[in-house]
Amino acid sequence: MAGPAGPPSVPASAAEQHWLVGGGEMAKLIKVMDWSKTPLGAISSWPQSLRTTVSLVQASNSPISLAWGKGHAQIYNDGYWPICGAKHPQSMGQDFRICWASAWPVIGEAYETAWSGRSAYLEKMRMFLDRHGFLEETWFTFSFSPVTDESGGVGGLFH
């Protein structure tokens, strides 16, 4: 499932990525991306809460995406990347709100609810996604769940 050329790559040192075990192609992409060019910063500076959550995402076979931090940087696993379509691999590290702008009329309120600290569940939602250069009618059931960071606040969303 090869996609177009991805974000610039500067491999993280082995010490910086020892915590990321398992996963598949997306874990490999996470390890070679230059995260310093994203709002998350260098992978060596990621807080433990982000590292733990990314490890959980990568260990799952279910499609999972994570939006993290003030920049809403998106990180996802092998099960999720086909949902991104042609947006992959550029969507890795991209602001979730920008990546999924076409779905915002349907998901925006639930997304914001989760950032306020309350989970949101959407069932059999019809939305139009632009993931192959045109709007495509899709149906999804999913949730947004807040993830607590070291401050005790919402650091990101588990999707």
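Numbering of residues begins at 1 and proceeds along the displayed sequence. Because the structure is predicted, anything quoted here is derived from the model rather than measured.
Under the 4.5 Å side-chain heavy-atom criterion for grouping Ile, Leu, Val, Met, Phe, Trp and Tyr, Met125 is connected to Leu157 within one hydrophobic cluster. Transitive grouping of hydrophobic side chains (ILVMFWY, heavy atoms separated by less than 4.5 Å) keeps Ile64 and Tyr121 in distinct clusters. Side-chain heavy atoms closer than 4.5 Å link hydrophobic residues (I, L, V, M, F, W, Y) into clusters, and following such links, possibly through other members, connects Trp104 to Phe140. Side-chain heavy atoms closer than 4.5 Å link hydrophobic residues (I, L, V, M, F, W, Y) into clusters, and following such links, even through other members, never connects Leu50 to Leu56.
With contacts defined as side-chain heavy-atom distances shorter than 4.5 Å, the pair Ser102/Leu135 qualifies. Within the 4.5 Å cutoff, the side chain of Ile107 has heavy atoms near those of the Phe96 side chain. Between Ser65 and Phe144, every side-chain heavy-atom pair lies at or beyond the 4.5 Å cut-off. Inter-residue side-chain proximity for Arg126 and Val106 is flagged as unmet; no heavy-atom pair is nearer than 4.5 Å.
Between Gly41 and Ser45, the shortest heavy-atom contact is C-OG, 4.0 Å. The heavy-atom pair separating Leu122 from Ala110 by the smallest distance is CD1-CB, 3.7 Å. Of all the heavy atoms in Ser119 and Ser145, the pair that sits closest is OG-OG, 3.5 Å. Nearest heavy atoms, Gly155 versus Asp149: CA-OD2, 3.5 Å. Closest approach of Gly85 to His132, counting heavy atoms only: CA-CE1, 3.5 Å. Shortest non-hydrogen contact noted between Pro82 and Arg131 is O-NH1, 4.2 Å.
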* Asked: Please walk me through it: do Ile75 and Trp68 pass side-chain contact (heavy atoms from CB on, under 4.5 Å)?
  -> CA-CA 8 Å; Ile75 300 174; Trp68 194 269; 5.6 Å; no
* Candidate pair Ile83 and Thr138, rule side-chain contact (heavy atoms from CB on, under 4.5 Å), full reasoning -> CA-CA 10 Å; Ile83 294 170; Thr138 62; over 6 Å; no
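Here the side chain of Trp81 pairs no donor or acceptor atom with the backbone of Ser91 at under 3.5 angstrom. In terms of modelled atom types and a separation under 3.5 Å, the side chain of Ser116 and the main chain of Thr113 share a donor-acceptor contact. Not one N or O on the side chain of Gln94 forms a donor-acceptor pair closer than 3.5 Å with the backbone of Gln74. For Ser55 (side chain) and Trp19 (main-chain N/O), a donor-acceptor pair under 3.5 Å exists by modelled atom type. No donor-acceptor pair under 3.5 Å is formed between the side chain of Asn77 and the backbone N or O of Ala59.
Taking CD of Gln58 as the reference point, atom CG of Leu66 lies at 9.5 Å (rounded to 0.5 Å). Summarising the geometry, atom CH2 belonging to Trp46 is positioned 5.5 Å from atom CG belonging to Leu40; distances are rounded to the nearest 0.5 Å. Here Asp78 contributes atom CG and Ser62 contributes atom OG; the two are 12.0 Å apart, rounded to the nearest 0.5 Å. Taking OG from Ser143 and CD from Glu123, the interatomic distance works out to 11.5 Å, rounded to the nearest 0.5 Å. Rounding to the nearest 0.5 Å gives a distance of 10.5 Å between CZ of Phe134 and CG of Leu129. Atom-to-atom distance recorded for Leu20:CG and Thr52:OG1 is 11.0 Å, nearest 0.5 angstrom.
For His159 and Tyr111, the ring centers are positioned 6.0 Å apart or more.
The local environment of CD in Glu109 is sparse, with at most 12 non-hydrogen atoms from other residues, nucleotides or ligands closer than 6.0 Å.
Aromatic ring orientation, Tyr80 versus Tyr76: tilted (interplanar angle from 30° to 60°).
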